[in-house]
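Step one of this worksheet: look at the structure below.
Heavy-atom basis, side chains included; hydrogens, waters and symmetry copies ignored. Since we're looking at a predicted model, the values are computed, not measured. All ligand and atom numbering here is 1-based and tracks the order in the structure.
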Amino acid sequence: MRVARYCLTVVTAAVLASPLHAQSEMPGMGMSGGWRMVPMDPNMIMLPGLTGVVPVVGAFLPAAGINPVSFPEAEPSRVVEMIDGDTLDIEVSIVRRSLNGHEMVMFGYNRQYPGPLIRAPKGATLVVRVRNEIELPTTIHWHGVRLDNEFDGVPGVTQEAIQRGESFVYEVHVPDAGMFWYHPHAREDVQQDLGLFGNLLVTSPNPSYYGPAHREEILVLDDILMDEQGALPWGESAPTHALMGRFGNVMMVNGETNHQLSAKQGEIVRFFLTNVANSRTFNVTFGGAQVKLIASDVGRFEREAWVESVVIAPAERYVVDVRFEEPGTTLIANSIQAINHFRGEFYPHVDTLSIVTVSTETAAPGISDSFDSLRMHDEIAAELEPYRPHLNREPDYELEATVRVQDLPPPIVLAMEADTLFFPPMEWNDAMPVMNWLSTGDQVTWILKDRDTGAENNDIDWNFKVGDLVKIRIFNSPDSFHPMNHPIHIHGQRFLVTSMDGAENQNLVWKDTAIVPVGSSMDLLVEMSNPGEWMLHCHIAEHLSAGMMFSFTVQGQ
Ligand code: C2O
Ligand code: CU
């Protein structure tokens, strides 16, 4: 191993000494198949032997060769208020957008970015007629909603994918209050990235479900990978970036790269955060403002809590109340410890998500007293009572997250196997953009393995009954070829994260997605409340497309 360490160090130093971003401008590099070199920043290194190499799959851009001007321009999201029995038509179509100075061809739900914000009361059933006008087969999955199985939107499990020119009618029953979202369940790495996502806010009949706030803001967090020409192409038959997922280099809030807000002094703003990025976990900070954590995916926390920041993995939602006290500018930002895998170093990195201008006008009415106190929810504590005896018990099932690779370019394999690489518990950024880009879903298989039976992914065969409480331990092996954090999502049910690495969770909340850092064990208590065939998968879009999924059945009673 000494030798490998030595070689890689020398190579690294040599590469670092050369002008890196000259790579993509070098003439005659022979980028084939419609590919362009991935953008890199100076903290990243280019492995020798990979110059001019492109992914083994073809490049995909929507409506390639058609002048963007021929498509309608997308508009910001609009609110659609719905009540029980209402019908909404959603058209999935090609739109034009100007993003970060580029004219881009993207996808949209009703030509909006994000898609329409649906607001509906808890208990309603909404009819949504979806028509597909894009070139890729699609579906809509109602993420986190415990709806009827046949409307879950999973091609090959609950329905056939909707082909171009075809329609599908969803009946979306919303039994839980909270912030949910909807997105395709087919090649999410392409379709979601190109703009297919929207929120579904289910309101509680209880007027004091949340504490007092002056107003509500919705922040849909996303990123996209772009260079001087626009969006970097996606993989045609399989995803690129299968190792770490496709991290973007341009941050967006509600589809905008220059999101701004204004607030009055002392204003308490309730933020509903949703992460729709393919792979990026955000660490959201609110400058010096005070942040109170209220709720997550499928409900409120037992107890409100003060937090410094909100770590939000792909597909998760969090609700926070934030008080803006300092007149001037407050930045909402993604504040991370970026990593250089080769040097084993972290460096602080901050990306602005939104700029909040706070005026000297005082917010009214004065609700600061209620903001200053943290609420305890007795009704949630009471609701959780029947689950408490199960919180500490041993798991019924254990899954191990790992990866298998084949036919990767040798320089990537050599680099991964050198013991100079350090894999952090969380990948906050993509510090190996070329290696990541070149690893496609054809070469990388992400695996959930049942530790009892050895069955992997779709070979796992779990059967439950409505009413079962199932304890699942998910161990994220640090010893695989390329360990990575995984946001695990379970369809159609809700769960509690009861412990992480043996440490009991002291403030429970119902979830549908939770992230397991590298090397960690996460225990979930899943309430099997909804009959049907349901998926369990990683929500990094590229990991999902690279196999990291299976479905289980829940029998009705
Ligand atoms: Cu939000 Cu199966 O996904
Ligand atoms: Cu994953």
(message) Please check: side-chain N/O of Ser551 versus main-chain N/O of Glu533, any donor-acceptor pairing under 3.5 Å?
(response) no

(request) For Asp84 and Leu126, indicate whether the former's side chain and the latter's backbone hold a donor-acceptor pair under 3.5 Å. (result) no

(request) Determine the sole option in His486, His489, His491 for which the side chain to side chain donor-acceptor pair (under 3.5 Å) test with His537 is passed. (result) His491

(request) Determine which of the N, O or S atoms in His539 is closest to atom 1 (Cu) of ligand 1 and give its atom name. (result) NE2

(request) Please indicate whether Glu160 has more than 12 foreign heavy atoms, meaning atoms of other residues, nucleotides or ligands, lying under 6.0 Å from its CD. (result) no

(message) I'd like to know if atom 2 (Cu) of ligand 1 has an N/O/S atom from His537 within less than 2.8 Å of it, counting both backbone and side-chain atoms.
(response) yes

(message) If I take every N, O or S atom of His491, is at least one of them less than 2.8 Å from atom 2 (Cu) of ligand 1?
(response) yes

(request) Return the name of the atom in His486, of element N, O or S, nearest to the Cu ion (ligand 2). (result) ND1

(message) Test of geometry: compute the angle NE2(His183)-atom 1 (Cu) of ligand 1-ND1(His143) and round it to 10°.
(response) 120°

(message) Measuring from atom CG of Asp512 to atom CZ of Arg146, what distance do you get when rounded to the nearest 0.5 angstrom?
(response) 10.5 Å

(message) Need one value: angle at the Cu ion (ligand 2), His543 atom ND1 versus Cys538 atom SG, rounded to 10 degrees.
(response) 130°

